[in-house]
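Read the structure below first, then the notes.
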2 protein chains.
Amino acid sequence: MAESSPIEQAELLAQEKAVQAAIGDRPLDFLSLNAVSNIYRAAAAVRRRAERDLLSDYGITWGGFTILWVLWVWGEMEAAPLAAECNLAKGTLTGMLTTLEKQELVRRTQHPGDKRRVLVALTEVGHNCIEELYPRFNRQETAFTAGLDDDEKVDLARLLRRVITNAELSES
Amino acid sequence: MAESSPIEQAELLAQEKAVQAAIGDRPLDFLSLNAVSNIYRAAAAVRRRAERDLLSDYGITWGGFTILWVLWVWGEMEAAPLAAECNLAKGTLTGMLTTLEKQELVRRTQHPGDKRRVLVALTEVGHNCIEELYPRFNRQETAFTAGLDDDEKVDLARLLRRVITNAELSES
DNA sequence: CCAAGAACGTTCGGTACCGAACGATCACCT
DNA sequence: AGGTGATCGTTCGGTACCGAACGTTCTTGG
């Protein structure tokens, strides 16, 4: 189904059409191009929308929300795996935890028996916050996937999972 | 890949499993949850990988690359639509264009007949840069979608397109 | 034991990125 | 015309985010 018989041009995004018009004659992998570039585009749209419509009401940034969410799901954990789980550099996490600590949403405690390590956990306030916030966030997630049936949502998650494992390979 | 069986729990990411263990008993939309959270995760992994393995060699950031790419595809354009196409706030674009101008990759010119507007275009250097860089980037995109057949790539792009239009609705 | 190195989180310099406020320019309208 | 409001891009203050350098604490070999 190459360029000769495209997939309903009418449904392509303007960006995708411009790509084909500008560089469609080159030996590039356009299927991967569209798939990957749409990943980033979707992520940016989702993030912006969540920050604007929801998180700003709580004074929480996207990164902060991610941290609260991970701590909610995983429970108390050390800084290094928390950073990995949030897709953050450990240096970034330090600053954001300080912010969240000022907001009294998380707390840091020393690891018993290893003074290098730090344990991070939700405070009571933080726990209540994410308990209240996440269901609203989840309704947004539902809205973002409106028009997809259950099988398609499962497919989307599965296809992305593949990309994630491919891209995270051999990461520091 | 060979194991294209339906949905095996064993293939879930550790994160997805932790979610089910921690909050799986609540009335939430877990299909949307997994789909949307994997979007962000995939985007972050793709970006980090591209910056680390490719863009850093050229001294270009992800945002800068996006700008060059959009200008390559669309040609000379005004700042506002460029910002929209790159998913950037217009204030952000100003600073990044200044950076790219210092690198002599783009140039700004005044719009003839409207002194408020600015036209942005690739320089010769910038054009050569993206001409050389993008094919390498595209090979990375291919690698990120390894294990997906053509139909799956088309599906992934299509499903994401739906999320994009949902999330971008009524954006400022 | 104790020196050498590994493993932690923090600090630091620099860029990206946002939203709001701003100044300049243009369009409209009576 | 000329003043009012809309529309540009830029500026500004603040946070996020990265990679590298750093100090501290644990571990390991001799």
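Residue numbers start from 1 in every chain, and the chains themselves are labelled A, B, ... in the order their sequence lines are given, proteins ahead of strands. Because the structure is predicted, anything quoted here is derived from the model rather than measured.
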inquiry  = Looking at A:E76, I want to see if its CD is surrounded by more than 12 non-hydrogen atoms of other residues, nucleotides or ligands under 6.0 Å.
reply    = yes
inquiry  = For D:dC17 and A:R47 - does any side-chain N or O of the residue sit under 4.0 Å from the phosphate oxygens OP1/OP2?
reply    = yes
inquiry  = Do A:L133 and B:F30 sit in one hydrophobic cluster, given that two such residues count as connected whenever their side-chain heavy atoms are within less than 4.5 Å of each other, even indirectly?
reply    = yes
inquiry  = With rounding to the nearest 0.5 angstrom, report the CG to SG distance, A:L71 to A:C86.
reply    = 7.0 Å
task = Just say parallel, tilted or perpendicular for the rings of A:W69 and A:F65, cut-offs at 30° and 60°.
result = parallel
ask   = In whole angstrom, what separates B:Q103's CD from C:dG14's C1'?
value = 14 Å
remark   = A:L97 CG to D:dA16 C1', in whole Å, measures 13 Å
Are there any protein N/O atoms within less than 3.5 Å of an N/O atom in nucleotides 19-28 of chain D, and if so, which ones and at what distance?
| residue | atom | partner | partner atom | Å |
| --- | --- | --- | --- | --- |
| D:dC26 | OP1 | A:K115 | N | 2.7 |

request  = Return yes if a side-chain donor-acceptor contact under 3.5 Å exists between A:R108 and A:T98, otherwise no.
outcome  = yes
ask   = What is the distance from CG of B:L88 to P of C:dA16, rounded to the nearest Å?
value = 10 Å
Protein-nucleotide distance (B:H111, atom NE2; C:dA27, atom C1'), rounded to Å = 15 Å
Phosphate contact (C:dA16 OP1 or OP2) by B:T99 side-chain N/O below 4.0 Å = yes
inquiry  = Looking at B:R26 and A:E131, is any side-chain nitrogen of the basic one under 4.0 Å from a carboxylate oxygen of the acidic one?
reply    = yes
key: Short N-O contact, A:E101 and A:R107, less than 4.0 angstrom   = no
key: Electrostatic pair A:R158:B:E152 at N-O distance under 4.0 angstrom   = yes
inquiry  = Within the 3.5 Å criterion, strictly below it, is a donor on A:Y134 or A:R139 matched to an acceptor on the partner's side chain?
reply    = no
query = So, are A:E132 and A:R136 salt-bridged, with charged N and O less than 4.0 Å apart?
reply = no
remark   = Per the under-4.0 Å heavy-atom filter, residues of residues 54-67 of chain B near DNA chain C come out as B:T61, B:G63
Under 3.5 Å side-chain donor-acceptor pair for B:N34 and A:R161 = no
query = Rounding to a whole Å, what distance do you find between B:M96:CE and D:dT10:P?
reply = 14 Å
note = note: A:L82, atom CG; C:dT10, atom P; distance rounded to Å ~ 11 Å
query = Atom CZ of B:R49 and atom C1' of D:dC18: how far apart are they, to the nearest Å?
reply = 17 Å
request  = Starting from the first five and the last five pairs of the helix from C:dC1-D:dG30 to C:dT30-D:dA1, work out the angle between the resulting helix axes, to 10 degrees.
outcome  = 10°
